[in-house]
Amino acid sequence: MTGTVAAIGAGLAVIGAAIGIGMVGGKAMEAIARQPEAVGDIRSNMILMAALVEGAALIAILLSFFVG
Amino acid sequence: MKNFCVLFFLFFFVNVSFAQNHDLKRGDNAKQQLQKVDSHKGHNHALGDHSGHDHGGHDHSGHDHSGHDHSGHDHSGHDHAKSNKKNHQKGAHSDHGHDQGHHSHVNACGDEIHDHSAVFNPGAVAFHHISDHNVYSIGPLQFSLPCILYTHGGGVDFFSSGRFDADYHGIGRKAYNGYVLYEGQVKKILGDFPSGEVELGDHAIYAVETEVDGKKKDKFYTCLNGTKHEIVSKSTLDAGLFGGGITTFTDFSLTKNVVSMLIVCLFLFFMFRSIAKAYKTREGQAPKGVQSLMEPIIVFIQDEVAKPILGDKYMRFLPLLLTLFFFILGLNLFGQVPFFGGSNVTGNLSVTLVLAVIAFVVTNVNGNKDYFKHIFNMPGLPGWVKTIVTPVEFMGMFIKPLTLMLRLFGNITAGHMVIVIFVGLIFIFGQNGANAIAGWGTAIVSTLLTLFMMSIELLVAFIQAYVFTLLTASYIGSAVEEHDDHH
């Protein structure tokens, strides 16, 4: 039973991270379209932000590992 | 397109041969199917080996054993006379090759033993493939590695893992000084056990599902002369996440991961030494050979990561950042090489833990006054807000390296597991060899999926090395940043 709850928790965490990374990616595309000359800066910032969003999801997944 | 076709057939061949090797782990059911499909004579030996260990108490007459090699079977540890009646009855009306029931038998210690590989368990196979081992297996070849094992009060044992005389699954046929090998990993026998080499026989180590604190866990045992000995895993720092104990014995061995790490480090050392030399001898000239391959990557880390984030202090941290980047990238790519051990070094929590601790120490040792002031006493905030902000900032100090550790571990481990599970689909759809057509059909699909996944993983190998370097740089950057009084 605890395993199932942990799996649901991990799934919820992934939904949150997916929305977050999707927004980061989408906004970065918009920014590149507006200012194509700033593509280098925008790309590295996009990856940095995506990595930070991912961090929260990873902690949730790890917690679900320990519980489940 | 031509290249794609060549790659496809290469991977298809590789997938199928992998599948066949794995089928050897399954029951006779799968094997008989395989014998029809597979004309490879070399497999017969292994097939015979397997059929030998559930014969205790069986009536041999009437069974078709043609094609199975009975000579040379080791029945020690199987007590024919003691074999209990229940098992005998089960064996009497089962037909070899069709009934799943005969995969279990009762050994001399009175434990019912299920052939650990009779049922395909995708989760267990995936976890087995991502974990560290004491043997280095490349395809069917097994290379012994030195074992350095320390038991509290028992001293240090130093010997080669070849002493265990491991079979194809990495299960040792012999015990040495109270240590055994199970699925490529050294485990220890608890309690009194004769030291030196002790013959255990084929598949002498077995798991019994036991309930511990309401959770089902596998406990390992071996049976020697009718006495049952419990077997425990090595101590690990992953809090038993991958089945390790906490207070058993410590493994300082040169495991598969350590050997992979040494290979990659030596490779990087000699490569960068020659590149560094080339910059001296060919000063003012255009880069050549490996030098021109590596120069853009080095310049990329310098100009895109170090300079914008660290400002004018970048030269102090550039060596660390480059080392981190190439170490992680090298090991990510080394783990990607199919059939070269598939070592999962950067997907090992202990390795990423050490990398994260390095980032943590460098950040905090180089942290200036402003950095610590912003953590413990954020300027410009009213007192009651500080009581909330300070604990959060303090936790942030540790959460930053923690996510660094988990991100690399998670991404690389997930990549390795997904590939193993795609290959595992062949057995799930092919029903362990019972449905050959579905198995071969899935093999084609699984090959395509594996190819796709491997190209994604190639991208991930670069991205994760870059992200780790970038984040380390930004953490260091926030610690060494000069603050104007803008608060």
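Bear in mind the structure is a predicted one, so any value in this text is a computation, not a measurement. Here is how names work: the chains are called A, B, and so on, in the same order as the sequence lines, proteins then strands, and each is numbered from 1.
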- Query: What do you reckon, is CZ of B:F452 surrounded by more than 12 foreign heavy atoms closer than 6.0 Å?
  - Reply: no
- How would you list, in number order, the residues of residues 37-52 of chain A that have a heavy atom less than 4.5 Å from chain B? A:S44, A:I47, A:L48, A:A51, A:L52
- Task: Can you tell which part of B:I399 gets under 4.5 Å to a heavy atom of chain A, answering side chain, backbone, both or neither?
- Result: side chain
- With a cut-off of 6.0 Å (strictly less than), are more than 12 heavy atoms of other residues, nucleotides or ligands near OH of B:Y371? yes
- Item | Atom pair CD/OG1 of A:E54 and B:T403 - distance to nearest 0.5 Å | 9.5 Å
